[in-house]
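In what follows, a single structure is set out as structure tokens and then discussed.
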Amino acid sequence: MKITVAKSAGFCFGVTRAVKMCEETLEKFGKCFTLGPIIHNGTVVEELRQKGADILSAPEDAGPGDVVLVRSHGISKSAEEKLKSTGAAIVDATCPFVAKIHEIARQESQKGRTIVIIGQAEHPEVEGIAGWCDKYLIFRDASELENWLEADEKNSQIPISVVSQTTGNRDNYEICNNLIKKQCTNAEIFDTICDTTYMRQKEAASLSQASDVMIVIGGQASSNTKKIADICRENCPRVYMIERASELSESWFKKYDNVGITAGASTPAWIIKEVNQTMSEEMKNETIAEVSEPVAEPNEETESFEEMLEKSIKTLHTGEKVTGIVAAITPTEVSVDLGTKHAGYIPLAELSADPNAKAEDIVKVGDEVEAFVMRVNDVEGTVMLSKKRLDSIKNWDIIEQLRESKETVEGVVTEENKGGIIVMVKGMRVFVPASQTGLPKDTPMSTLLKENVRLRITEVNQSRRRIVGSIRAVAYEERKAKAEAIWNEIEVGKVYTGVVKSMTTYGAFVDIGGIDGMVHVSEISWSRIKQPSDVFNIGDEIEVYVLSFDKEKKKISLGYKKEEDNPWVKFTNSVHVDDVVKAKIVKLMPFGAFAEIIPGVDGLIHISQIADRRIGTPAEVLSEGQEVDVKVTEIDNEKHKVSLSIRALLEDNAGAADTADEEVPVEE
């Protein structure tokens, strides 16, 4: 018979931390209380009780001077406030991953959002999370969530923020999230399932597929142990859930070839060993247990749980890679809980290669962080760590892969260097030569400072600590792709939003997204302009339309002035022959004067129509800029010409005066 023990079976980080904190509290004070069972394992809870850790059923049961340990599942905000009001000394052993969910619930509630919790409503962790919410809903699975959404169509419009119980089933959570993404219009989803939990569930599924029998060890009240057992039952017909080796039955496993053992997060290593050893001894001459993750056997049967837990804590060495949980962030360092007696810390200088980066933007309290051990101080019980150096090793590999794949990456320009700029990409300094920035000639490179840019890694030399990139290469390919798309879709009359790139005396060149087209000066304005700069500035964003194009010659003619702004249309819609209008003299010629009726429409006052007498030149009567009343005598719509007359207006006025005189009554 082959017995295989899952690698991730047993205590998770949060449980190890809580038990260790309880042990240390007992060592310091001799007695303490836990608010509810510290973990879901009766054996461990009983051992701690015998050491002096009694259980309180409610926070108000504590008294002044009592030392109360908050269990790994965490508690609600109201329970915390009640506990503080008793005057008891509080030791918070809440799992950092659970504490992170409390903070999410608090922050999202402040935004007025409803917190949706995927988990078991009766589980203490879920009860604690709910206690940090103003409004919340709890769903066990997708079917309950779907029922709620179908109950009222308005439910899909409620602003919700979604979290999961840390020991939740990831497959179930993903199904719920997919449902929310499809039906809810205002949802924020947070990944709060503990990675260790996910790995344990994934491992249990794999091991149960290869086993004839699965033994699942854990407390009967443990939610994550029950989930593991359920996962195993999906793949293996014989699954037995036990809490101690004494519950084993030889008939369960003796006649089978492959037996798998896994355990929940609240199961200590020594119970797993006890089960494995019991099964091996009962098999006598059968194959000795084969364990995927070797675990040292205890020296003697009376070895205590504390001693075995102490042995499981690894001694740290300089240069070693470790994983811990961010416990606190200060102006000078980041404190990291490594699950050992040593207190880990990362100086800010060792947190990131980016000198401008802020600690709170890189890590948050409760985050899992990997780092190198820089120095171990056994006297002070501290370990100096470096995230920057570990990231550097990882990032060199990533950068090299990016160079090989020619993948486009994003970064922030942090400084202007001799001959180029420095861009931070994945914590690495990338030099971009001036010729590869994509900036026009004579444009200061400082204009790119603090900008997000897209670039390609072109050279990596780890021995010289040199990485070179190109913004221009990415811009060129993107522009080329956009140009091809435009040529495939272009048609006369199509409207584009473009940017004025350059100007000449005869027109303006406009980038319409990968291609430059030209707007001739005659197509810029209905009014007379001397040059494009009378209307445009370099960099202006304007709306243009296609007048014509030649794919072979790669030329596009664009228009800017709009038909609805055509002054001739405005003029003919409002002015008619024989109307009297006010006009401004804009140019004097030997044969007459041109007068502006409205901007963009001029009329000619022939020299014979300027006065009611013979004159030698228009300048005898008129001057440029003078405003005069004129009569519209002719409108030529084909040639867009207007004839005006001052003389006709004078004659009309004179005739009106004569008529008025004739009609004056004679007094008798």
Side-chain angles (χ1 to χ4, degrees), residues 14 70 73-84 92 94-142 144-168 170 172-195 197-198 325-331 334 357-369 410 412 452:
V70 176
H73 295 120
I75 56 176
S76 67
K77 184 179 179 181
S78 61
E80 183 182 86
E81 290 172 349
K82 288 178 183 177
L83 189 58
K84 288 179 179 178
D92 192 355
T94 304
C95 172
F97 294 111
V98 177
K100 184 178 180 180
I101 304 176
H102 290 178
E103 183 60 19
I104 291 171
R106 186 187 66 80
Q107 291 181 359
E108 295 299 297
S109 291
Q110 286 180 348
K111 298 175 185 177
R113 302 176 70 86
T114 298
I115 312 302
V116 169
I117 307 169
I118 307 299
Q120 297 173 303
E122 68 279 4
H123 193 280
E125 180 188 317
V126 174
E127 292 174 349
I129 295 169
W132 290 88
C133 309
D134 294 334
K135 295 178 290 183
Y136 66 88
L137 297 163
I138 301 173
F139 302 107
R140 185 182 298 270
D141 51 34
E144 291 186 2
L145 174 62
E146 192 168 21
N147 290 338
W148 174 71
L149 289 170
E150 292 177 351
D152 189 338
E153 61 180 14
K154 293 181 180 179
N155 288 343
S156 62
Q157 301 169 11
I158 296 173
I160 60 172
S161 297
V162 189
V163 298
S164 170
Q165 184 178 334
T166 57
T167 56
R170 184 169 288 277
N172 178 53
Y173 193 48
E174 290 299 328
I175 293 171
C176 291
N177 288 342
N178 289 334
L179 182 63
I180 288 168
K181 289 174 184 177
K182 288 180 181 178
Q183 297 195 30
C184 297
T185 59
N186 189 353
E188 293 285 343
I189 298 173
F190 297 87
D191 186 356
T192 58
I193 291 182
C194 175
D195 287 338
T197 297
Y198 173 60
I325 300 296
V326 176
I329 300 174
T330 73
V334 174
K358 296 180 180 179
E360 55 270 24
D361 294 335
I362 300 172
V363 292
K364 299 285 189 296
V365 173
D367 283 355
E368 187 175 83
V369 63
E410 292 187 1
V412 178
N452 285 307

| Residues two or more places apart in sequence or in another chain: which of them pass side chain to side chain donor-acceptor pair (under 3.5 Å) with Glu127? | none
| Residue pair Leu83, Val70: steps toward the side-chain contact (heavy atoms from CB on, under 4.5 Å) verdict | CA-CA 10 Å; Leu83 189 58; Val70 176; 4.1 Å; yes
| task | Over all heavy atoms of both residues, which pair between Asp367 and Lys100 is shortest? Give the atoms and the distance, please. | result | OD1-NZ, 3.1 Å
| query | Okay, side chain of Thr192, backbone of Ser164: is any donor-acceptor separation there less than 3.5 Å? | reply | yes
| For Glu103, salt bridge (charged side-chain N to carboxylate O under 4.0 Å, His left out) partners two or more places apart | Arg106
| message | Checking Asp134 now: which residues fulfil salt bridge (charged side-chain N to carboxylate O under 4.0 Å, His left out) with it, not counting sequence neighbours? | response | none
| said: Just so I know, are the side chains of Asn172 and Arg140 near enough to count as touching, which here means a heavy-atom distance under 4.5 Å? | reply: no
| said: Working note: Leu179 + Glu146, criterion side-chain contact (heavy atoms from CB on, under 4.5 Å); need CA distance, chi angles, decisive distance, verdict. | reply: CA-CA 8 Å; Leu179 182 63; Glu146 192 168 21; 3.8 Å; yes
| request: Apply salt bridge (charged side-chain N to carboxylate O under 4.0 Å, His left out) to Glu410 and list each qualifying residue two or more places apart in sequence or on a separate chain. | output: Arg454
| field | Gap separating the CG atom of Leu149 from the NZ atom of Lys182, nearest 0.5 angstrom | value | 12.5 Å
| task | Scan residues 149-163 for pairs that pass side chain to side chain donor-acceptor pair (under 3.5 Å), counting only residues two or more places apart or in two chains. | result | Glu108-Ser161, Arg113-Ser161
| task | Report the residues that fulfil side-chain contact (heavy atoms from CB on, under 4.5 Å) with Glu174, sequence neighbours left out, ordered by chain and then residue number. | result | Arg170
| request: Hey, could you give me each pair passing ring-ring contact (aromatic ring centres under 6.0 Å, His included) that has a residue in residues 100-120? Not counting sequence neighbours. | output: His102-Trp132
| task | Please name all residues satisfying side chain to side chain donor-acceptor pair (under 3.5 Å) with Thr94, sequence neighbours left out, ordered by chain then number. | result | Asp92
| note | Shortest non-hydrogen pair, Val365 vs Ala327, comes out as CG1-O, 3.8 Å
| remark: In terms of heavy-atom contacts, Cys133 and Ser109 come closest through CA-OG, 3.4 Å
| query | Of the non-hydrogen atoms in Ile175 and Ala142, which two are nearest, and what is the gap between them? | reply | CG2-CB, 3.6 Å
| task | Output all residues satisfying side-chain contact (heavy atoms from CB on, under 4.5 Å) with Ile189, sequence neighbours left out; order by chain, then residue number. | result | Val162, Tyr173, Asn177, Ile180, Lys181
What pairs of donor and acceptor atoms, side-chain ones from residues 357-364 against any protein atom, are under 3.5 angstrom apart with sequence neighbours left out?
residue, atom, partner, partner atom, Å
Lys364, NZ, Glu360, O, 2.5

| said: To check you understand the geometry: which heavy-atom pair defines the closest contact between Cys184 and Ile160, and what is its length? | reply: SG-CD1, 3.9 Å
| field | Test ring pair (Phe, Tyr, Trp, His ring centres under 6.0 Å) applied to Tyr136 - qualifying residues, sequence neighbours left out | value | none
| message | Restricting to side chain to side chain donor-acceptor pair (under 3.5 Å), what partner residues turn up for Glu125, sequence neighbours left out? | response | Thr166
| task | Hey, could you give me the CG/SG distance between Leu145 and Cys176, rounded to the nearest 0.5 Å? | result | 5.5 Å
